[in-house]
Q: 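Structure below; questions to follow.
Below, chain A is the first sequence line, B the second, and so on; all start at residue 1. All values below come from the heavy atoms of this structure, side chains included, with hydrogens, waters and symmetry mates left out.
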Protein chains: 2
Amino acid sequence: MTRPAYRRAEPDARRQSLIEAAARVLADRGAAGASVRTICAEAGVSPGLLRHYFDGIDALIAETYAWAGERVSRALEEAVADAGPEPRARLTAYVTGSFRAPIADPDLLATWIAFWSLARSNPAMEAMHRQVYADYLGPLEALLTECGVPAGAARMQAVAVTALVDGMWLELCLAPGVFSPEEASATARDWIARLLG
Amino acid sequence: MTRPAYRRAEPDARRQSLIEAAARVLADRGAAGASVRTICAEAGVSPGLLRHYFDGIDALIAETYAWAGERVSRALEEAVADAGPEPRARLTAYVTGSFRAPIADPDLLATWIAFWSLARSNPAMEAMHRQVYADYLGPLEALLTECGVPAGAARMQAVAVTALVDGMWLELCLAPGVFSPEEASATARDWIARLLG
DNA sequence: CGCTCTGTTATACGATCGTATAACAACACC
DNA sequence: GGTGTTGTTATACGATCGTATAACAGAGCG
């Protein structure tokens, strides 16, 4: 009855479990509580192992942000795909998708905040942020162009739509109850209607 | 020639100098670098003094946020006051003011991020955030009503305008250069024009 | 079965964290 | 000009931080 003291995991699975543990710790203890020890404990792993898979805790936070960002992007892409071929319906789906699960999740904000706090002082993190931001802007700009927004204006309109959605998403996560996800969604649709005329 | 080793300050002045030192440290070292010691060193004061004026470092961060928030509110109020009596011009001034000094300042974002990171796990901080947010929303809602937005819609439209402005402000601070303050300002005016018809 | 590789743990180190405490000294007051 | 109040400093404490290191042990392979 000598069961193994630990078991080896697939390298990718172990990395992923650390990333998800980091997201969980960020979610319920905040950036201040996200230390090497707490994250590794959450992952059920010894503290020393973190450095075996990541350059350091900042690198883990960055990868957690990238992973969460991809998850958000994928959710939005699916929402758009489910909306059918009509451009305007696709744009509406993109915009309102941010106010539904799994994106409208206060826990998710914790990852963003932790990363923003790194991005402001670490050039490599800032570059990663620019990349993720560009990946948001791109598809949205294409969607707007399909909806008839002039090519020259599409870029800044994509910036504005993103700002509107992110701004409401932020407050929805920071202070839930001030307005509802449904109100946010309806207001965003209203603004889109005004934009497209 | 025995000059004083230190000088006593007016209680309010000392508090204020600690608050401003906290803002400076947050600005150029980020939330991770804003410790009791670094902040007190920045203020030219011994570490122990912080607790003489504040309950702890989190309380100081909160007061720094409140102070910065009031400064922003005041700047916006001045911009509105300078815009004259015409409601629409006042609204435009309010909106575009966020993209000019002293608000469009990447350093300012550091204070917000540090506070957000506290607000998500500390109920007292969340309450303070709600207060500051309400203080933003109120005047804007009044402005929108003056511009002819129906009373029933003014609240969510104020939420939306705030979101649009804050969202662009955030990206402007996080990744300067992707778009310019002037572009942000022009786009915000464009959206306001669509909103008011 | 025994060897090898390496994922994993246990432990320790120096640094820094927020805070508590007591001595010191500036300034107001009589 | 002593004297008292208290703003301020200096120092120390225990906890926790991120990381380095060496020993251990799981798992594949001959």
Q: Which residue, B:Arg14 or A:Gly48, contacts DNA chain D at a nucleotide closer to its 5' end, judged by nearest heavy atom?
A: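 The 5'-side residue here is B:Arg14.
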Q: Could you give the CZ-to-C1' distance, from B:Arg8 to C:dA26, as a whole number of Å?
A: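 To the nearest whole Å, that distance equals 5 Å.
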Q: Side chain of B:Val36 only, heavy atoms from C-beta on: which candidate in D:dT6, C:dA20, C:dG18 is closest?
A: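 Of D:dT6, C:dA20, C:dG18, C:dG18 is nearest to the side chain of B:Val36.
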Q: Parallel under 30°, tilted from 30 to 60°, perpendicular over 60°: which one fits the rings of B:Phe179 and A:Tyr133?
A: tilted
Q: Determine the interplanar angle of the B:Tyr65 and B:Trp112 rings, folded into 0 to 90°, and report it as parallel if under 30°, tilted if 30 to 60°, perpendicular if over 60°.
A: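 Perpendicular, since the angle between the ring planes exceeds 60°.
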Q: What is the separation between atom CZ on B:Phe54 and atom P on C:dG18, rounded to the nearest whole Å?
A: 15 Å
Q: Indicate, yes or no, whether a donor-acceptor pair under 3.5 Å links the base of C:dT16 to the side chain of B:Arg37.
A: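 Counting by modelled atom types and ignoring angles, no donor-acceptor contact under 3.5 Å is found here.
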Q: Rounded off to whole Å, could you give me the CG-to-C1' distance for the A:Leu49 and D:dT21 pair?
A: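 Taking CG of A:Leu49 and C1' of D:dT21, I get 15 Å after rounding.
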Q: Would you kindly give the CG-to-P distance between B:Asp55 and C:dA20, to the nearest whole Å?
A: 10 Å
Q: Under the rule for side chain to side chain donor-acceptor pair (under 3.5 Å), what residues qualify as partners of A:Ser35, not counting sequence neighbours?
A: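 In terms of side chain to side chain donor-acceptor pair (under 3.5 Å), with neighbours along the sequence ignored, A:Ser35 is linked to A:Thr38.
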Q: Strictly below 4.0 Å, N to O, side chains only: are B:Arg24 and B:Asp28 in salt-bridge contact?
A: no
Q: Go nucleotide by nucleotide along DNA chain D from the 5' end; which of B:Pro11 and B:Pro47 gets its closest nucleotide reached first?
A: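 Its nearest nucleotide lies further toward 5', so the answer is B:Pro11.
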Q: Starting at CD of A:Glu10 and ending at P of D:dG26, how long is that distance when rounded to a whole Å?
A: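 In whole Å, D:dG26 P lies 18 Å from A:Glu10 CD.
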Q: Considering only D:dT9, C:dC27, C:dT19, which nucleotide approaches the side chain of B:Arg7 most closely?
A: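 Among the listed nucleotides, the one closest to the side chain of B:Arg7 is C:dC27.
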Q: Between D:dA22 atom P and A:His52 atom NE2, what is the distance in whole Å?
A: 16 Å
Q: Among C:dG18, D:dT19, C:dT8, which nucleotide has an atom closest to any side-chain atom of B:Ser35?
A: C:dG18
Q: Check whether any side-chain heavy atom of A:Leu170 sits under 4.5 Å from a side-chain heavy atom of B:Trp116, and report yes or no.
A: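 Side chain of A:Leu170 against side chain of B:Trp116, heavy atoms only: contact under 4.5 Å found.
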Q: Could you state the CG-C1' distance from A:Leu60 to D:dT19, rounded to the nearest angstrom?
A: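 From A:Leu60 CG to D:dT19 C1': 15 Å.
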Q: Under 4.0 Å from OP1 or OP2 of C:dT8: is there any side-chain N or O of A:Tyr53 that close?
A: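 Yes, such a contact exists.
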Q: If I take atom CG in residue B:Asp58 and atom C1' in nucleotide C:dC17, what distance separates them, rounded to the nearest angstrom?
A: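 Rounded to whole Å, this separation is 13 Å.
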Q: Taking for each residue the nucleotide of DNA chain C with the nearest heavy atom, is it B:Ile57 or A:Gly44 whose nucleotide lies nearer the 5' end?
A: A:Gly44
Q: In terms of side-chain heavy atoms of A:Arg51, which of C:dT9, D:dT8, D:dA20 is nearest?
A: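 Among C:dT9, D:dT8, D:dA20, the one nearest the side chain of A:Arg51 is D:dA20.
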